[in-house]
Amino acid sequence: MLDIKFIRENLQVVKAGLDRRNGGDHELDALLEQEDKRRQGLQESEQLKNKKKKLSAEVGKQKQQGQDASQLMEEVKNLNTSIKELDDTVEGLEKIIHEKLLGIPNLPDDNIPDGRDESSNKFIREWGTKPSLSNQPLNHVELGEKLGLIDLKRAAKISGARFAVYRGAGAALLRALINFMIDVQTQENGYEELYPPFLVNEESLLGTGQLPKFKEDLFAMEDDPLYLIPTAEVPVTNFHREEILEEESLPICYTAYTPCFRREAGSYGKDTQGLIRQHQFDKVELVKFSKASESEKELEKLVQDAETILKKLNLHYRVMELCVGDLGFSASKTYDLEVWLPSQNTYREISSCSNFRDYQARRAKIRCKKRTGGKPEFVNTLNGSGLAAGRLFVAILENYQNDDGTVTVPEAIRPYLQGREVLSL
RNA sequence: GGAGAGGUGGCCGAGCGGUUGAAGGCGCACGCUUGGAAAGCGUGUGUAGGUUUACCCCUACCGAGGGUUCGAAUCCCUCCCUCUCCGCCA
């Protein structure tokens with residue numbers, strides 16, 4: 001959420017920032033008019049309240065002295081009518097303003113590239129090399145089903161399209177990848193592990209920005225006001241919702257494994273085959289709470305922490321900086337990690353690392369107390385996948401396939417699979 | 001799910017419907033004291049909004065939301081959360 005005060009004082013900056021994003025007249029002028037009205041009403045109401053307070057105290061005094069206070073009491077009663085009226089107006093305006101603010105996306109970072117879609121994303125760096133495979137590399141579905149690692153047909157029977165059953169060595173491999181990633185992030189990169197609930201309330205989703213605008217992307221419970229998490233970002237960022245943190249404790253770094261649930265509304269026909277786009281997938285998430293002055297640096301580190309995993313698995317990837325048009329609603333700046341997929345002859349997103357600045361923190365009221373005193377300030381929040389386990393599974397199958405249809409187990413995860421070196425029938 | 005108890009400032013803990021943003025204690029910060037430390041003494045120590053160059057000032061907040069009243073942390077209603085016991089259960 002943007003700060004209404006900031007909008008008021010930097011209208012042109014805000015307009016310019018929002019203009020860079022696709023589609024966006026947010027009727028800021030009307031919003032500010034309402035804000036002016038709100039403040040005006042508030043001031044009037046507060047003046048009357050002040051008067052009321054004094055009169056009421058006077059009533060008390062007079063009564064104690066046994067005097068008749070009925071005239072004053074009548075006066076206060078009349079004040080109450082005006083106060084109620086003003087407060088109703090102010091409250092109504094507040095609500096409207098707040099709702100409008102919730103619908104306005106974050107301002108993009110000044111330095112990220114312009115552009116409408118991913119074709120304008122900027123190449124930052126790449127690592128590793130494409131594996132040398134036979135002319136016709138199999139895709140992960142062919143490999144996975146042949147080797148008995150996944151069963152998509154039965155998953156469709158059990159749940160529907162875009163679900164998967166991992167079985168046997170496939171299930172073990174998925175579990176190994178998750179454990180491997182968590183271990184690296186906690187043991188080498190300094191993250192604390194959290195294991196959060198997979199169902200969260202509305203407040204949490206408002207805090208990170210999934211609600212109110214993206215409700216159709218979420219799975220909701222029928223009898224309870226709860227939603228399945230679309231990413232661990234939600235419970236983990238909200239871990240500190242409505243808290244005031246100590247400046248010395250920052251940056252706070254968490255990693256969490258959770259399954260993620262997404263309705264994928266609007267992505268019909270996209271990636272229908274295989275594990276790339278599922279309603280349920282597993283992900284190890286990285287979340288940081290940082291001082292505003294440090295968040296740019298922390299984003300760079302976060303990206304590197306995610307990259308560690310790909311490097312250890314020796315998977316070829318590239319880092320892309322998202323252009324304005326490809327940027328998420330709450331993000332100010334985002335790097336994507338894209339891993340090489342031989343069967344598609346292309347790079348696919350396997351991690352998305354973003355700096356949200358104080359946008360989520362303001363929504364979720366996550367502040368930090370300055371050591372030097374003064375008002376608490378909103379922290380900056382960041383997060384990124386470290387990594388998406390399902391897509392990592394895909395990448396390993398495809399990049400580590402052998403001519404005979406088997407798959408070599410990357411060395412780094414052999415300890416997690418009882419030393420197994422090859423996945424074969 | 002049933003029965004009961006409770007939710008007050010960073011923590012503990014008072015609080016008659018009237019001038020209480022809230023006694024007292026602890027903690028913390030600063031100062032004095034000291035050779036140094038402890039103890040002791042003094043001062044300060046919530047959040048949000050409005051106003052202001054700033055200081056000040058004003059308003060709101062004692063789990064949340066309503067209500068009664070001239071006036072509510074204190075009375076009433078609803079909801080949420082925590083704890084104890086019982087039931088059920090991975």
Side-chain angles (χ1 to χ4, degrees), chain A residues 1-10 31-102 195-207 221 223-227 235 238-250 252 258-259 289 358 360-379:
Chain A
M1 187 163 64
L2 301 181
D3 183 6
I4 185 73
K5 228 183 207 169
F6 182 84
I7 299 177
R8 220 170 78 209
E9 288 162 9
N10 304 277
L31 179 69
L32 287 185
E33 251 173 64
Q34 285 168 320
E35 166 65 5
D36 282 342
K37 274 192 200 156
R38 181 190 75 83
R39 276 160 45 229
Q40 210 178 324
L42 186 64
Q43 281 178 45
E44 282 178 44
S45 160
E46 288 188 351
Q47 274 172 21
L48 293 184
K49 278 178 187 164
N50 182 238
K51 199 169 165 189
K52 167 184 167 179
K53 240 180 154 173
K54 286 179 176 154
L55 289 180
S56 289
E58 191 57 31
V59 170
K61 267 186 201 160
Q62 292 197 1
K63 283 201 162 178
Q64 271 172 5
Q65 292 168 11
Q67 296 174 2
D68 172 33
S70 55
Q71 202 184 324
L72 281 180
M73 284 161 67
E74 190 62 31
E75 213 176 309
V76 177
K77 234 177 185 174
N78 290 334
L79 276 182
N80 275 341
T81 325
S82 315
I83 291 174
K84 180 92 170 71
E85 238 171 70
L86 282 168
D87 279 354
D88 284 350
T89 311
V90 171
E91 205 177 302
L93 285 168
E94 242 166 37
K95 211 175 152 193
I96 292 169
I97 292 165
H98 186 69
E99 268 166 24
K100 280 193 181 171
L101 284 175
L102 287 179
Y195 185 88
F198 304 157
L199 286 168
V200 294
N201 56 30
E202 276 185 31
E203 288 75 24
S204 294
L205 290 155
L206 279 170
M221 297 298 110
D223 296 323
D224 297 283
L226 294 171
Y227 299 80
N238 280 280
F239 189 61
H240 290 301
R241 174 153 51 86
E242 286 150 48
E243 290 185 17
I244 300 178
L245 308 166
E246 296 295 332
E247 188 181 18
E248 302 88 80
S249 69
L250 302 177
I252 297 174
T258 72
F289 302 82
D358 61 0
Q360 291 181 326
R362 180 169 289 107
R363 283 174 167 249
K365 299 191 183 67
I366 307 167
R367 291 165 290 176
C368 99
K369 198 177 209 129
K370 305 269 287 181
R371 198 176 324 171
T372 50
K375 275 199 164 193
E377 289 176 1
F378 289 110
V379 302

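Not measured: the values here are computed from a predicted model. Proteins come first, then strands; the chains are lettered A, B, ... in the order of their sequence lines, and each starts at number 1.
Partner assigned to B:G1 is B:C86, using Watson-Crick or G-U wobble distances below 3.5 angstrom. Searching all strands for a Watson-Crick or G-U wobble partner of B:A54 with both distances below 3.5 Å returns nothing. Across all strands shown, B:A38 has no partner, as no Watson-Crick or G-U wobble contact with both distances under 3.5 Å is found. If you check B:C79 for Watson-Crick or wobble pairing at under 3.5 angstrom, you find it paired to B:G63. Applying the Watson-Crick and G-U wobble criteria (two distances, each under 3.5 Å), B:U68 pairs with nothing in any strand. With a cut-off of 3.5 Å on both Watson-Crick or G-U wobble distances, the partner of B:G24 is given as B:C12.
At the phosphate of B:G71, OP1 or OP2 sits under 4.0 Å from a side-chain N or O atom of A:N80. OP1 or OP2 of B:C70 sits under 4.0 Å from a side-chain N or O of A:K77.
No side-chain heavy atom of A:D88 sits under 4.5 Å from any side-chain heavy atom of A:E85. Residues A:E203 and A:R241 meet the side-chain proximity criterion, which asks for heavy atoms closer than 4.5 Å.
Between A:K52 and A:S56, it is A:S56 whose nearest contact on RNA chain B lies nearer the 5' terminus. Comparing A:L72 and A:G60 by the nucleotide of RNA chain B that holds the closest heavy atom to each, the one mapping nearer the 5' end is A:G60.
Atoms CG and CG, on A:D224 and A:N201 in that order, are 11.5 Å from each other to the nearest 0.5 Å.
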Sort me out a list of protein N/O and nucleotides 45-54 of chain B N/O pairs below 3.5 Å, or just none if empty.
unit_1	atom_1	unit_2	atom_2	d
B:U47	O3'	A:R367	NH1	2.7
B:A48	OP1	A:R367	NH1	2.7
B:G49	OP2	A:K375	NZ	3.3
B:G49	N2	A:E46	OE1	3.1
B:G49	N2	A:E46	OE2	3.2
B:U51	OP1	A:R39	NE	3.4
B:U51	OP1	A:R39	NH2	3.3

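With P as the reference atom, B:U34 and B:G44 are 24 Å apart, rounded to whole Å. Using atom P as the reference point in both B:A23 and B:G9, the two lie 12 Å apart (nearest Å). Here the separation of B:G27 from B:G18, taken at their C1' atoms, is 33 Å to the nearest Å. On the P atoms, B:C12 is 29 Å away from B:A3, given to the nearest whole Å. Distance check on atom C1': B:G63 versus B:U82 gives 10 Å, rounded to whole Å. A gap of 14 Å separates the C1' atoms of B:U19 and B:A72, to the nearest Å.
For A:G207 against A:A364, the heavy-atom pair with the smallest separation is CA-CB, 4.0 Å.
Under 4.0 Å is where a charged nitrogen must lie from a carboxylate oxygen, and between A:E74 and A:K77 no such pair does. Comment: A:E94 engages A:R38 in a salt bridge, judged by a side-chain N to carboxylate O separation of less than 4.0 angstrom.
Although no hydrogens or angles enter the test, the distance criterion places a donor-acceptor pair under 3.5 Å between the side chain of A:R363 and the main chain of A:L102.
Nearest to the side chain of A:N50, among B:G71, B:G18, B:C58, sits B:C58. Checked against B:C70, B:U19, B:U59, the side chain of A:M73 finds its nearest nucleotide in B:C70.
Residue contacts for A:K54: at a heavy-atom cut-off of 4.0 Å it reaches no nucleic acid atom on any strand shown.
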